[in-house]
Amino acid sequence: MAFVSELTRRPVTDVDGKRIGVLKDLIARPVGEFSHPVVNAIIVDSPGGDRAIPYSDLAALLSSAIPLRRPLKEIAPYELQEADIRLVQDVLDKQILDTDGARVVRVNDIELVRVNGHVIVSNVDIGVLGILRRIGLERLGRWAARRFKSDLSTGAISWDFVEPLVHDQFMRLKVPSSKLAELHPSDIAEIISDLSRDEHSDLLHKLDLKQLADTLEEVEPDFQANLIEHFPDEKVADVLEEMAPDEATDLLAELPNERRQGLLGLMERDEADEVRELLKYGEDTAGGLMTTEYIAVAPDLTAAQTIEHLRKAGEEAELIYYVYVVDAENHLLGVFSLSDLIVAQPETPITEFMHKRVVTVELDTKQDEVAQIVSKYNLIAVPVVDTENRLHGIVTADDALDGIIPTAWKKRLPHFFGARQ
Amino acid sequence: MTRAVAWIQQKWSRSRWIGRLVLLLSVFGPGTIAAMADNDAGGVATYSVAGATLGYAILFPLLIITILLGITQEMGMRLTLVTRRGLADLIREKHGVPVSLLIFGGLFVANLGTITTEFAAIRTVGGIFHIPAAPFLIGTVLIAFVFITRGNYKLTQTIMLVVSLFYLTYVISAVKSHPDWNLALTNLLYPHGVQWTERYVRNYLLIGMGVLGTTITPWGQFFISSFAFDKKIDQETLKYSQLETYWGAFLTDFFSFFMIVATASTLFSRGIPLTSGEQAAEAIRPFAGQLASELFAVGILAAAFMGLVIVPLSTAYAFSEFFGLSGSLDSDYQSSKTFYTLFMIQLVAAALITAIPGISLFHFAIATQTLNAMILPLVFYYLIKLASDRELMGSHANSSFQKSFTAWASVLIVIASALTVAAVLLGW
């Protein structure tokens, strides 16, 4: 086992022991199905310029001096190929995507191992030890770790989980392999917020509509607007239809009026109408936060009939845990939960077990207050009513609490300085 | 303090347009924000000392400093917009771990000094209102922590607005104190009109470095680049962003100019030495009259708070860029923990240093800003190197003027630093 940081600057010597230069870089390439790249050549920094020497012409690589197997004159220089990765130039000190932890990290060192006469890239080191090794303090680090009984071995990520972001000048995400598609939308969202525009637009174009919609729901609205800025309108409209109406509304609210109207025109009528309704309310009020995809039933149903209704209507709703009971004018009469419903006898009228004193918020209730109510009464969602107690929508707990729970710190700064201008 | 706030409201309410003007002035782009934050409490203290101790002659470096500030901030902004990388990202990627550690270490120490200056200013305010130092400092640490976890744009805007209004009081005071405009303006071109005694020259060097160090800060260089990156500003708007950074540089030194003129014409010309907050407040008496002390206190409190939030943020940003600890969902708690720890360590350490009896805001400010100025050449070296790299920047690489001006300025700063250190150590 050896580290790239230790190999660089090591002398490379000719067959007669004469020094011809120092090791500058290692070239590796994945072979077949095997995901760990194999070192194919080294680049030597010599007085006459850089030389690429094939691995097969080296007598040894993982040694204190690197001797050649044949006289330098006889060696044909290695030709770089498309799939080649230059470990120092392209990977060391650069950011990579750790698909296992779903995060963007910086490479502090690269670990090599010898397998069957080949040298392969086994792990990348993203830990503190890697940093210390680079400045010659690895032993001190290990000593301190033993002393304070902390575990420093967590810094290694197997190359299986590495997606190098690098290749040309502006790091570009290599076509996301199947690895990316398996990530949870909120993980993708997190990765996107770590990437630059070129990289994330690459990534977004690879996702299907459903994934794209789910991912967008996970990022802040102002950033959403930024992400879809260069998408064609038709595609955005399709994505908006996929999204929950409240999320779609937040996104639309961030766009310039002209584009917003255009997009609403392209969306299917029902969905567009719901969004138009929601757009009327302030972003941080219950009206702005609510979704219209809730379950409401008439008071004359029985438990069995309601369950039947849920089977049909439940698909569309954002939340079916609460069932709201409303009259013909949509006045809120009561509420019951799914568990109330299940334990009731099939023929019991729902008015018998519904709760008549419903905790509600008004359309213009501030988000802070909604959040307080949700947490005080331990609700999963709270109904939003107007002054005449007509039901307009529900605010789910996660939407209510979203604004008051501190998010990842990197996202905070723009909030201080005018992301919402 | 509420008396002063009410007074501000009453004074400005009839002229709402001034408020709008100030808002307009601070079209909060990265350039303007970095520029406003450059004039933090430490900045006000430094300019006050400069004006009070040296008079109009210290206005001379201001013009060069403005140009240098504009050029270097623009470089950092362009570097980020073109490469889509922060300054710290690029230093790490192109120059490796040892250089990154060295620069981060320097930045950390300098920033700690700057934050301490902010706390010293807060303690000075406590002195003006006779509030005991310990609870006041602890309270500030807590408020800063709440602000960083729960703060929002509106609150920041309010603080920025208070600070801008405070700076405006210097402009009006400077005009009302009937300074010798001829002397002030000609001093921008060449320093004159004072007795060049040995003591004066020594102070001139030391405080001149302080003025440089508070206007062009290492953290400002990293901040503008992180900020441009995080706000995801477009490369298409490069031209606009460049203009905006130059505007920010002008704005910083526009206010610095009037702060120095106001203190020079009220304190220096009457031979009043600057040792306390009350004396520093004299500079705005021509405008504020009876309420000079209170207004000074409110203004410097806002300025200190702004620095208190932005400077540790810039450290945390640089740390995450250098060592790649960006956020992730899996380790969300972990990465926020790193951030909050880093943020709090700086605040608490700075508050503790401030609590040491006998530390004067004005002395400490000068010392810190001098340290800032000394780290600058190192940061400039990498900034110039990266922004001149054709491979990296393509057609956006530095022009030969940008390159040579900054390079020569760095050489000058190195010489001036050496002289200052010599002057302090040898007791000239």
Side-chain angles (χ1 to χ4, degrees), chain A residues 5 88 92-96 98 100-109 126 128 130-136 166 169-171 184 186-187 189-191 193-200 218 222-223 226-227 229 403-421, chain B residues 26-30 32-33 82-85 89 92-98 100-102 147-157 159-160 226-227 229-232 234-235 309-310 313 316-317 320-332 335-336 338-340 343 391-392 394:
Chain A
S5 71
V88 174
L92 193 65
D93 284 330
K94 306 297 185 294
Q95 289 180 305
I96 53 155
D98 165 13
D100 187 32
R103 57 192 173 155
V104 175
V105 290
R106 203 176 275 293
V107 178
N108 293 334
D109 212 339
I126 58 157
V128 183
I131 295 254
L132 291 175
R133 189 180 310 113
R134 299 285 294 278
I135 53 169
V166 209
Q169 192 64 56
F170 312 120
M171 298 199 322
H184 189 272
S186 60
D187 287 347
E190 193 62 27
I191 290 168
S193 68
D194 283 338
L195 297 177
S196 70
R197 162 162 297 179
D198 292 345
E199 293 153 12
H200 59 57
E218 298 293 336
D222 45 355
F223 187 38
N226 204 326
L227 288 176
E229 203 179 323
I404 62 162
I405 294 174
T407 43
W409 65 272
K410 264 204 95 159
K411 295 189 198 120
R412 301 296 306 172
L413 193 64
H415 283 267
F416 298 145
F417 300 116
R420 299 202 175 272
Q421 278 164 16
Chain B
S26 33
V27 206
F28 289 164
T32 321
I33 289 176
V82 174
T83 64
R84 309 263 173 215
R85 288 268 153 284
D89 277 323
R92 170 70 195 269
E93 288 181 11
K94 293 270 167 185
H95 300 282
V97 172
S100 301
L101 277 172
L102 177 73
F147 182 81
I148 202 75
T149 48
R150 304 280 294 267
N152 59 36
Y153 172 55
K154 223 170 179 175
L155 198 55
T156 313
Q157 201 182 32
I159 294 174
M160 289 270 186
S226 308
F227 192 73
F229 180 74
D230 233 40
K231 266 196 100 177
K232 311 208 184 265
D234 263 316
Q235 201 180 329
V309 171
I310 292 183
L313 263 183
Y317 259 74
S320 113
E321 283 182 24
F322 273 128
F323 306 112
L325 287 177
S326 58
S328 90
L329 265 199
D330 268 1
S331 59
D332 200 60
S335 64
S336 334
T338 314
F339 167 72
Y340 289 127
F343 189 80
E391 208 177 296
L392 198 64

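Chain naming here is simple, since letters A, B, ... match the order of the sequence lines and numbering starts at 1 in each.
When all heavy atoms of A:Arg134 and B:Gly96 are compared, the closest pair comes out as NH2-CA, 4.0 Å. In plain terms, the two heavy atoms of B:Arg92 and A:Val107 that are nearest each other are NH2-O, 3.2 Å.
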Exercise for the section: Would you please test B:Asp89 and A:Arg106 for side-chain contact (heavy atoms from CB on, under 4.5 Å) and show each step? Expected result: CA-CA 10 Å; B:Asp89 277 323; A:Arg106 203 176 275 293; 2.2 Å; yes
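Of the listed residues (A:Leu132, A:Asp93, A:Asp109), just one forms a side-chain contact (heavy atoms from CB on, under 4.5 Å) with B:Val97, and that residue is A:Asp93.
Proximity to chain A (any heavy atom under 4.5 Å) is restricted, for B:Phe322, to the backbone atoms N, CA, C and O.
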